[in-house]
2 protein chains.
Amino acid sequence: MKPPNHRTPDTPQGSASPAPGHPVTLKNVAARAGVSVSTASRALNGQARKYRISPTTEKAVRQVAADLGFQASQVARSLRLKRSGLIGVIVPDISNPFFASIAREVSLGVEALGFSVLLGDSREETEIEQRLVDQLRAKQVEALLVCPVGVESDHLVKLDRSGLPVVVADRVFDGIELPSVTSDNRAAARAVAEVLIEQGHRKIGVLSGIRDSLPAKTRLQGLTDAAEQAGFNLDSSSLAGNAFTEQSGYDATLELMDRDPEMTAIFAMCTPAAIGSMRALAERGYAIPRDMSIVAFDDHPFADLMKTPLTVSVQDIPRLGQLATAVLLKRLDVDSSPQALPPPGTSADSPSSASLWKVPTTLLQRSSVAVPRHKGDRAASSRVQQTRSF
Amino acid sequence: MKPPNHRTPDTPQGSASPAPGHPVTLKNVAARAGVSVSTASRALNGQARKYRISPTTEKAVRQVAADLGFQASQVARSLRLKRSGLIGVIVPDISNPFFASIAREVSLGVEALGFSVLLGDSREETEIEQRLVDQLRAKQVEALLVCPVGVESDHLVKLDRSGLPVVVADRVFDGIELPSVTSDNRAAARAVAEVLIEQGHRKIGVLSGIRDSLPAKTRLQGLTDAAEQAGFNLDSSSLAGNAFTEQSGYDATLELMDRDPEMTAIFAMCTPAAIGSMRALAERGYAIPRDMSIVAFDDHPFADLMKTPLTVSVQDIPRLGQLATAVLLKRLDVDSSPQALPPPGTSADSPSSASLWKVPTTLLQRSSVAVPRHKGDRAASSRVQQTRSF
DNA sequence: TTGAAAGCGCTAACAG
DNA sequence: CTGTTAGCGCTTTCAA
């Protein structure tokens, strides 16, 4: 019943498919090539020279291997070599482009070296994170990159001490000895806070991410720095929210507006929170930046096409991921080609531990900031799309 | 030099960390518990009943295992059981939220069953996809979910035939026997095209994704359907672009505007292309929807906060991912608890192969469509935020 | 220049 | 109720 002119597509690669459920093993190859498994192994592992295997034999073995579509079982290999070629990556939410990008960089960075990435999604829960760590450990990952939920680090430290290299990114911890990479959140926060302050804002509401997480604390610190430098203090009641989510931003905004009707600006610790905030403001009939100014962190591809393009501090996510990968590989004693790993503590001013890498961020000024409302000045946002790096 | 009041944090979980580089093995546990490895193995694998192991022994073994922080090596286990507990997921770009969400669903769906996800990012290149497939195969994945680059399926089919279950999602292939899950692109395209047509648009430019990919072909088909039903034909010159990217959308838009100045609407096959298009239009001083209407596929969290909220057909991504996971698990003979796997071919009208699952999409009408420009009517977009499912 | 054999850590007959 | 034994597929001494 096949069409008359049907030509069997004779696999040009010459690699035949093994019989289902009967994977071709090194033994098969050896047998078919008429050599021992040891010789076959050596021939295929580029050890021909080392063991002075005759070129003829080597070729023969390689040929047979190709014909049979042989692929050495990495699990058998792992067992023998005690190297799994697996790297674990655990993030709070892989559908968040921030974490996805980090995972991507790791994947791209290690793939060429024969490693593969085992992915874990902790759903922002420390307990799940914990479980995933165990699961991946059992799978014999050789190293772990984790973007922790951010509140608890004991299990990670212990793991690292037990001999499994762990590096953390983004939600790093205070004064911990785990190698960490993060954005320079303090400088970033200070810079973005300054654009608010320069316009005259003093009553600034803060939409906080997870309170106990270092990024949240550090960003708050940066804001405080800026305020102090401008000669005023932040009202402690101007802080609300406790998650890096849209919902949190929405709720916190409403809460803050009720707490202090004088508030003229919002400092959102992440884009989702800023979005939630904008919804809340819209519901209350506030226009941005006329009635309320707002700044945030991070960007997304269409940010400039929004109704109110946000002024933000954007993290260099790929850099973050690449750096984390480099640190990881260095701990595995694999030399990462991209470029030499820079020394930790790129940013000078803070008491950076011996293993904290900080990557600079970029300030993107758009049009979500104007002078405080009581002046009613509509045309206040002067500098648009001006970029400054620091 | 340590602080005077430093108390050693005595690990309350009671699970000691193994000596670095000297992982605790089943043998250790057995020895310490005074039993043989087999007994230890059985006790720890819940086979106590089956082998009638005395509760005392079982408890003892479990206790020792806990004390030592024992974790069975999955690689040894895999070798013996011939089951790796690994599922491969290959996507064109994990930093794209669409694919990230799919990966997420797979990860969440299989994690509870003890499986882990091995991630591969093909960077939209078939060659890399190919290489990743090999790499993951060597790592003994038990099944593969791939969102293919979309142009070539031979290697996947061959792989599946060779006994490794493969399921493809999104960029499925025509008339192929691999289990596939995708959105009902034809119906989706028809619906979104109809909102254009109902407003009177006839000169519709198409921003195509990868031409050879089935989603692109199918969406074009849906548009053609709608046009035919309305009694006109699409000009073949109104198609441009060949990638699911912003750049492609930008270039294609410029190209189309030059080719046909009469064009009044744009049909973008993905959000990035639509965004690129909007940039191009902005550069040429076109206002949306006054001077040009536009519809697209897929949504993103802030879509409604854009300058011009797009009318789109949105895919049910989590559903897509869950369905794919269910299909995967079924092929592994694991019963996926969530819900029974529905029969394939959800959508009735097309000659669906025995293993194609189609999931319905939702039409989201926002304000990027108005009547064609020559009437100059500014207030034409009537129905906003109206939702229709089909 | 090549083979034989041991063993990575675990499970599953097959005995007791 | 428990132990002995034989591998899973591979790498690597050690011997020829």
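- Within a 6.0 Å radius of CD in Glu127(A), other residues, nucleotides and ligands contribute 12 heavy atoms or fewer.
- If you find the closest nucleotide of DNA chain C to Thr39(A) and to Leu26(B), the one lying nearer the 5' end belongs to Thr39(A).
- In summary, the side chains of Ser41(B) and Ser38(B) do not present any donor paired with an acceptor at a separation below 3.5 Å, with no hydrogens or angles considered.
- Residues forming a side-chain contact (heavy atoms from CB on, under 4.5 Å) with Ser84(A) (at least two apart in sequence, or on another chain): Ser78(A), Leu86(A), Gln140(A), Glu142(A).
- Between its opening and closing five pairs, the helix from dT1(C)-dA16(D) to dG16(C)-dC1(D) changes axis direction by 50°, a value rounded to 10 degrees.
- With sequence neighbours excluded, no residue forms a salt bridge (Lys or Arg N to Asp or Glu O under 4.0 Å) with Asp170(B).
- Contact between Glu58(B) and Ala48(B) at its shortest, heavy atoms only, is OE1-CB, 3.3 Å.
- With sequence neighbours excluded, the residues forming a salt bridge (Lys or Arg N to Asp or Glu O under 4.0 Å) with Arg331(A) are Asp160(A), listed by chain and number.
- For Glu129(A), the side-chain hydrogen bond (donor to acceptor under 3.5 Å, both in side chains) criterion is met by His155(A), not counting sequence neighbours.
- The phosphate of dT2(C) has OP1 or OP2 within less than 4.0 Å of a side-chain N or O from Ser54(A).
- Qualifying side-chain contact (heavy atoms from CB on, under 4.5 Å) partners for Ser107(B), counting only residues two or more places apart in sequence or in other chains: Asp121(A), Val117(B).
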Evaluate the side chain to side chain contact (heavy atoms under 4.5 Å, CB included) criterion for residues Phe173(B) and Leu156(B): first the C-alpha distance (whole Å), next the side-chain angles of each, then the deciding distance (0.1 Å), finally the verdict. CA-CA 11 Å; Phe173(B) 301 97; Leu156(B) 299 176; 4.2 Å; yes
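- Remark: Ala60(B) engages no residue in a side-chain contact (heavy atoms from CB on, under 4.5 Å) (not counting sequence neighbours).
- Heavy-atom distances under 4.0 Å link DNA chain D to Leu79(B), Arg80(B), Lys82(B) of residues 74-86 of chain B, given in residue order.
- For Arg131(A), the side-chain contact (heavy atoms from CB on, under 4.5 Å) test picks out Arg123(A), Ile128(A), Glu111(B), with sequence neighbours left out.
- Legend: residues meeting side-chain hydrogen bond (donor to acceptor under 3.5 Å, both in side chains) with Ser95(A), ordered by chain and number and at least two apart, are Asp93(A).
- Nearer the 5' end of DNA chain D, as judged by each residue's closest nucleotide, is the contact made by Gly34(B), out of Gly34(B) and Val37(A).
- Under the side chain to side chain contact (heavy atoms under 4.5 Å, CB included) test applied with Val29(A), the options Val37(A), Val64(A), Val35(A) reduce to a single match, Val64(A).
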N/O contacts under 3.5 Å, protein versus nucleotides 13-16 of chain C?
unit_1	atom_1	unit_2	atom_2	d
dA13(C)	N6	Arg42(B)	NH1	3.2

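- The nucleotide range of DNA chain D contacted by chain B, defined by atoms under 4.0 angstrom from heavy atoms of the protein and reported 5' to 3', is dC1(D) to dG9(D).
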